[in-house]
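Remarks on the structure that follows.
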Amino acid sequence: MKKENMTIIDVSEFPDPISEAFLFMPEEEEELMDIYTEYVQLATAVPSGTKLESGFFCRKEMEDGELCDGTIEVTQIDLPKQVRWTCRRCGDRGALINYEGTMWDNSHLGEYEKERFLERFFADIEGEDYWEDDLFYDFLDNELSGPFDDFEYYLDPYDQIAEHSIGPSSEKIKEMLECNWLQPDSPIYLKGDLPKEEVEQSFFFYNARRFLMILNDEETFQLTRVGNLKRKVVRTLLEEMRWPENYIENIRTYKNGKLDETDVWLLHGIRVMLTLSGLIEEKDGDIRIRLKDDLEYLLEDENAGELYRRLFSTYFKDMNLGYLGSTFEFPHLQYSVPFILCQLREHAQEWVSIEELIHDILLFSVKLELQFGEDGGTEIEFDLLYEDLFAALERFSLLETRTTSSNADIYDADYPDQVRVTNLYNKFVRV
């Protein structure tokens with residue numbers, strides 16, 4: 001409710017985070033609850049009356065549809081007992097009441113505990129953590145071996161038949177895993193001279209190229225203070241790109257109002273891929289991105305194949321496959337992609353069951369990583385493999401998938417059970 005133009009939020013009405021009510025809470029309400037409870041934790045970790053920058057930015061929608069993005073300041077007052085927040089830019093303000101004694105109230109902590117809480121809170125906001133400590137990396141380099149140091153781990157030491165099989169030899173597998181697939185003399189080579197008409201079948205390529213072309217025309221895309229694309233840019237990209245059937249409509253069913261970049265995760269993922277590929281950059285620390293001047297030639301039609309190859313190589317070499325997939329990290333699966341591409345040529349020219357195919361395309365360590373047993377996997381393992389591998393290859397138009405009637409009784413019908421390579425794959429991948 002509103003009182004003197006101030007929003008009043010009753011914290012006692014928030015559900016317990018381990019309750020069923022919390023589990024079924026609408027996403028937007030959950031996000032607001034997270035923000036408000038962090039306001040309480042911050043304000044109650046300092047003396048009453050202390051004004052503290054929260055590290056959050058105002059999400060009030062302005063007349064032009066963009067978010068205010070102003071700095072939020074919080075403070076606790078004693079009479080009446082409230083935690084108040086105020087935006088320094090637009091003046092939006094509100095108060096949180098009935099938070100005393102809740103799990104978010106830090107008033108009971110000692111001074112040292114409050115200091116430690118604030119250190120951890122702001123370190124998390126600023127992206128500082130132990131993984132960024134040079135000493136940690138020194139320790140990692142000196143004391144621990146990487147997951148790929150022991151090549152023999154990729155081969156099944158108990159599979160004596162493998163030595164006599166007609167599959168690739170151990171030496172051949174090692175060459176593929178360590179190769180530079182951009183070099184013509186590599187065991188597996190990705191061709192970069194394919195015509196635009198063929199590579200623009202790819203969802204990833206088409207949308208990434210549209211992103212770059214619009215960016216090139218506009219010169220820069222403005223970002224919010226948290227680094228996301230402004231809503232005006234998002235609207236333009238949503239209109240100019242092509243999306244899976246009902247993809248945007250499904251997002252709007254649970255996201256009211258205008259969409260932000262991170263609401264459309266595939267759009268966000270394409271931007272991440274373009275950043276990792278070195279095609280776009282933030283200029284002089286400003287809150288905007290631009291296309292690198294020396295790479296504009298990749299937007300020309302005759303260089304479409306080179307752009308496609310650059311995007312593919314970035315996605316499978318530099319970007320966590322789970323970022324647009326399962327959200328997990330499977331380094332052995334990612335490292336073995338050259339081997340998988342090679343095996344697909346031989347075993348997936350025609351429709352083939354994924355259940356059969358895994359024995360030919362997954363190395364021993366990958367099966368362990370995904371927890372595939374000798375008799376195959378459960379629905380979960382197949383889902384992970386689809387989300388992180390097959391879906392990505394499909395978005396590059398290198399693989400086709402389909403769901404057969406026999407799959408409906410065994411696995412989730414939302415996931416396919418058969419795959420085959422495309423004509424584009426046969427032209428792009430040379431083994």
- Query: Can you name the residues that form a ring-ring contact (aromatic ring centres under 6.0 Å, His included) with Phe205, not counting sequence neighbours?
  - Reply: none
- Message: Here's a test for you: under salt bridge (charged side-chain N to carboxylate O under 4.0 Å, His left out), which of Asp92, Asp260, Asp69 qualifies with Arg59?
- Response: Asp260
- Task: Show the numbers, then the answer: is there a side-chain hydrogen bond (donor to acceptor under 3.5 Å, both in side chains) between Arg430 and Ser186?
- Result: CA-CA 9 Å; Arg430 191 186 75 189; Ser186 174; over 6 Å; no
- Intermediate values then yes/no, side chain to side chain contact (heavy atoms under 4.5 Å, CB included), Val264 and Ile248: CA-CA 8 Å; Val264 188; Ile248 302 300; 4.1 Å; yes
- Does Asp185 have any salt bridge (charged side-chain N to carboxylate O under 4.0 Å, His left out) partners at least two apart in sequence or in another chain, and if so, which? none
- Between atom OG1 of Thr275 and atom CD1 of Ile270, what is the distance when rounded to the nearest 0.5 Å? 12.0 Å
- Carboxylate-amine/guanidinium proximity below 4.0 Å for Glu219 and Arg290: no
- Query: Got a second to check how far Lys60's NZ is from Arg93's CZ, nearest 0.5 Å?
  - Reply: 11.0 Å
- Do the ring planes of Tyr247 and Trp243 sit parallel (below 30°), tilted (30 to 60°) or perpendicular (above 60°)? parallel
- Task: Answer with yes or no whether the side chains of Gln82 and Tyr99 bring together a donor and an acceptor at under 3.5 Å.
- Result: no
- Item | Approximate separation, where rounding is to 0.5 Å, of Asn106 CG and Leu118 CG | 8.0 Å
- Message: Suppose we screen for ring-ring contact (aromatic ring centres under 6.0 Å, His included). Which residues come up paired with Phe211, at least two apart in sequence or across chains?
- Response: Phe221
- Verify the distance criterion only: is there a donor paired with an acceptor across the side chains of Thr401 and Glu394 at less than 3.5 Å? yes
- Item | Check: Trp85 and Ile9 side chains under 4.5 Å, non-hydrogen atoms | yes
- Using the ring of each side chain (for Trp, its six-membered ring), is Phe14 parallel, tilted or perpendicular to Trp104, with breaks at 30° and 60°? perpendicular
- Note on the structure: Correct closest heavy-atom pair for Lys258 and Gly65 would be CD-O, 3.7 Å
- Query: At their closest point, which heavy atom of Leu67 faces which heavy atom of Met62, and how far apart are they?
  - Reply: C-CG, 4.2 Å
- Name all residues meeting the salt bridge (charged side-chain N to carboxylate O under 4.0 Å, His left out) criterion together with Lys81; count only those two or more places apart in sequence or in a different chain, and write none if there are none. Asp78
- Task: Using a 4.5 Å cut-off on heavy atoms from C-beta on, say whether the side chain of Leu368 contacts that of His332.
- Result: no
- To the nearest 0.5 angstrom, please state how far the CZ atom of Phe121 sits from the CG atom of Leu52. 8.5 Å
- Task: Could you pull out all residues at least two apart from Tyr425 that satisfy ring-ring contact (aromatic ring centres under 6.0 Å, His included)?
- Result: none
- Should Ile340 and Val366 be marked as a side chain to side chain contact (heavy atoms under 4.5 Å, CB included) after you check the CA-CA gap, both sets of side-chain angles, and the distance that decides it? CA-CA 11 Å; Ile340 292 172; Val366 182; 5.7 Å; no
- Message: Angle between ring planes, Tyr308 versus Phe428, binned at 30° and 60°: parallel, tilted or perpendicular?
- Response: perpendicular
- Item | Residues forming a salt bridge (charged side-chain N to carboxylate O under 4.0 Å, His left out) with Glu296, sequence neighbours excluded | none
- Message: Is the ring pair Phe312/Trp181 parallel, tilted or perpendicular, if the boundaries are 30 and 60 degrees?
- Response: tilted
- Message: Salt bridge check, Glu66 against Arg231: does any charged N sit closer than 4.0 Å to a carboxylate O?
- Response: no
- Task: Mark yes or no for whether Asp105, through its side chain, and Ser107, through its backbone, hold a donor-acceptor pair below 3.5 Å.
- Result: yes
- Polar side-chain atom of Glu369 near backbone of Leu333 as donor-acceptor pair, under 3.5 Å: yes
- Of the options Asp263, Thr262, Leu324, Val234, which is the one that meets His268 in a side-chain contact (heavy atoms from CB on, under 4.5 Å)? Thr262
- Message: Between Thr422 (side chain only) and Ser397 (backbone N and O only), is there a donor and an acceptor less than 3.5 Å apart?
- Response: yes
- Query: Quick one: do Glu119 and Arg116 make a salt bridge, cutoff under 4.0 Å?
  - Reply: yes
- Is there side-chain contact between Arg310 and Leu298, with at least one heavy-atom pair below 4.5 Å? yes
- Message: Just verifying a value: how many Å separate Ile72 CD1 and Phe57 CZ, rounded to the nearest 0.5 Å?
- Response: 9.5 Å
- Salt bridge check: are Lys196 and Glu302 linked by an N-O gap of less than 4.0 Å? no
- Message: Would Arg242 and Tyr206 count as a cation-pi pair here, with the cationic atom under 6.0 angstrom from the ring centre and within 45° of the axis?
- Response: yes
- Message: Given 3.5 Å as the limit, does a donor-acceptor pair link the side chain of Glu261 with the main chain of Leu229, or not?
- Response: yes
- Task: List the steps, then state whether side chain to side chain contact (heavy atoms under 4.5 Å, CB included) holds for Val74 with Val40.
- Result: CA-CA 8 Å; Val74 297; Val40 171; over 6 Å; no
- Can you list the steps and then say if Tyr323 with Trp265 is a side chain to side chain contact (heavy atoms under 4.5 Å, CB included)? CA-CA 9 Å; Tyr323 197 76; Trp265 198 246; 3.7 Å; yes
- Query: Does the pair Asp388 and Gln334 meet the rule for a side-chain hydrogen bond (donor to acceptor under 3.5 Å, both in side chains), with working shown?
  - Reply: CA-CA 9 Å; Asp388 288 5; Gln334 186 146 7; over 6 Å; no
- Enter the distance from Asp417:CG to Thr404:OG1 here, rounded to the nearest 0.5 Å. 3.5 Å
- Between Glu200 and Arg209, does at least one N-O distance fall below 4.0 Å, as a salt bridge requires? no
- Task: Using a 4.5 Å cut-off on heavy atoms from C-beta on, say whether the side chain of Arg345 contacts that of Gln349.
- Result: yes
